[in-house]
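As structure tokens, the structure follows; a few thoughts come after it.
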Amino acid sequence: MNNIANKAVICDVLLQAANKDKNIVVLCSDSRGSGSMTAFANSNPTQFIEVGIAEQNLVAISAGLASCGKKTYAVSPASFLSTRSMEQVKVDVAYSNTNVKLVGISGGISYGSLGATHHSVNDIAIMSSIANMRVYLPSDRFQTKELIEKLLQDKKPAYIRVGRNAVEDVYTDGKIDFTLDKATVVTEGNDIAIIACGEMVSTAKVAADQLQTQGIKARVLDMYCLKPLDRQAIQKAAEECKGIITIEEHSCYGGLGSLVCSVVAQTCFTKVKVLALPDEPIVSGKSPQIFAHYGLNSAGIMAAVKEILK
Amino acid sequence: MTKLWEKAAQIREDLVTLIYKSGGGHIGGDLSETDILVTLYYKYLHCSPSLVNDPNRDRFILSKGHSVETLYCILADLGYFPKSDLDNYSGFNSKYIGHPNNHVNGIEMNTGSLGHGLSLGVGMSLAGKMDKKDYRVYVVMGDGELAEGSVWEAAMAAAHYRLDNLTVFVDRNHLQISGDTEKVMSQDSLQERWGAFGWNTITINGNKIGEISRAIEIAQKNSENPTIIIANTTKGCGCPSIENKAEWHHKLPTLAEYKTLLAEIRAGGVSHE
């Protein structure tokens, strides 16, 4: 059982990189604790900036720093980062093309019992609709590490959403097949494709294992790259599998399911079943309870497979 | 050498002509900020076309981005790009658009949505401190813009980090698109407000180049905190026929009005010394 959250991995990667690169700067909005950035703040105080509870300022200050050559990582709860500061993201980061990486922590319904103020179930839709913004939802700690190490090498804006808690490993350390902006094939199969992102990849993998016992071979695609979307992998799945299931910790509007449907409808038509959060105030509770309520678990995937293959 | 008041008059002529010919622009705010921008660009800013990528250059942010015509005219006059480029101002697919665009040589960041520029300036000032560079950062905001909450987030941060390399002008012309700022959202007394936020505050006549110069020099010598220069200005300054009239926020002159504006500028430039 893994107990290292993806956000903690981001801190580790940045810590190591910052020791060699003094232009790496992490900014928090009173979120160093929740963002697992306390270690960074303590170890590299000259490369850490606290802006207080002010997300608009967080993003625009990051952009100002980036315009002077800094590689900035703005770390704040995804719920606030993706909506409170959306205009600064649109103008100061994406439009001005500054090297700001926006790290939305405790995304989706990580703060399940805190209510809709703290849920970020719109961030894929919001961020992916902004020109020049990339959107990533890594699945596990190994992929998160690979992703951040790659993003450290470029100068373009990006939004990275991770959850609050540790998630089950999808990959094995040292054996992850990672190419930036290419979906990772987690399991091979042509009976059904399950396309997932973020925390839901682990769930999809569990479902694939269960389907295997029933003689159904599922192709699980880890679509951590929501934008740019790996359209080729989606089209291939549409052509080679009998149907596609998408599963995401996001609203049914404008998320992974919407994006996949758009590609399928324009390339190779096949049945698609979208598993996502409904257009209603999300119930409160612990994450597994909420996922079960909306069928965002292996049981929900099994039911969707049965429906498609019937 | 051309005196600054003469340069300010020339820039006024240029921007009024640009607006008349292109059929777009924010003439009232352009004219109120002209003396501030001219004083900065021709006397104090450590920047030039050959220094646009120099990490030690001073940074300038026009946070009230709608008043971009003044800035474009100054940058063209200083050789950042050919003056003829502005023939396509506001034209189809032109990079010379109605708000500062960082695809234009000499423009640091895109602005236009109000309330962003001060935060950007805080980031640039922090970078200067981190890198132990002695460049300065200048931001010009409008007074109506101060209703944006993000301005005060940035005001807190600048004072918290004691950013003495940051100098901010408020183009206090008392008019915004809907009318008198005090009727839209009252904000007097600005000096007390900014002082309470921990800023070094200076109030001047922002259409007098001598006062602007002295204020900048006071800010440069201050090593305690960021400086805000509350520059009391006249909207439409230099053109009495449109001064202090809210409708001239972005009204376009007719040919007859344009000729009047040019005549007024030529007659009154010296008053800005």
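In the text below, chain A, chain B and the rest are named by the order of the sequence lines, each starting its count at 1. Remember, it's a predicted structure, so these values are computed and weren't measured experimentally.
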Query raised in the report: Does B/Phe81 have any ring pair (Phe, Tyr, Trp, His ring centres under 6.0 Å) partners at least two apart in sequence or in another chain, and if so, which?
Result: B/Tyr96
Query raised in the report: Would you say A/Ile49 and A/Val25 make side-chain contact, with heavy atoms under 4.5 Å?
Result: yes
Query raised in the report: Got B/Tyr44 and B/Thr39 here, is their nearest side-chain heavy-atom distance under 4.5 Å?
Result: yes
Query - Heavy-atom pairs under 4.5 Å with chain A, option from B/Ala157, B/Gly121, B/Gly123, B/Gly112 with the top count - result: B/Gly123
**Report entry** Residue part contacting chain B, namely of A/Val59, when any heavy atom lies under 4.5 Å
**Finding:** neither
Report summary line: So, the part of A/Leu27 with a heavy atom under 4.5 Å from chain B: the answer is neither
Requested in this report: Taking atom types as modelled, find out whether B/Tyr89 and B/Glu69 have a side-chain donor-acceptor pair closer than 3.5 angstrom.
Outcome: yes
Query raised in the report: Does atom CG of B/Leu51 have more than 12 heavy-atom neighbours, drawn from other residues, nucleotides or ligands, at distances under 6.0 Å?
Result: yes
Donor and acceptor N/O pairs, chain B versus chain A, under 3.5 angstrom:
residue	atom	partner	partner atom	Å
B/Asn102	ND2	A/Ser96	O	3.0
B/Asn110	N	A/Ser96	OG	3.0
B/Asn110	ND2	A/Tyr95	O	3.0
B/Asn110	ND2	A/Ser96	OG	3.3
B/Ser113	OG	A/Glu87	OE1	2.5
B/Ser113	OG	A/Glu87	OE2	2.8
B/His116	ND1	A/Asp92	OD1	3.1
B/His116	ND1	A/Asp92	OD2	2.8
B/His116	NE2	A/Glu87	OE1	2.6
B/Ser119	OG	A/Asn57	OD1	2.6
B/Asp131	OD1	A/Lys70	NZ	2.5
B/Asp131	OD2	A/Lys70	NZ	3.3
B/Glu153	O	A/Asn57	ND2	3.1
B/Glu153	OE1	A/Asn57	N	2.9
B/Tyr161	OH	A/Glu50	N	3.2
B/Tyr161	OH	A/Glu50	O	2.6

Requested in this report: Identify the residue among B/Val139, B/Ile74, B/Leu71, B/Ile107 that makes a side-chain contact (heavy atoms from CB on, under 4.5 Å) with B/Phe60.
Outcome: B/Leu71
Report task. Going by the side-chain contact (heavy atoms from CB on, under 4.5 Å) test, name the single residue among B/Thr227, B/Leu118, B/Leu126, B/Ile228 that passes it with B/Leu166. Result -> B/Leu118
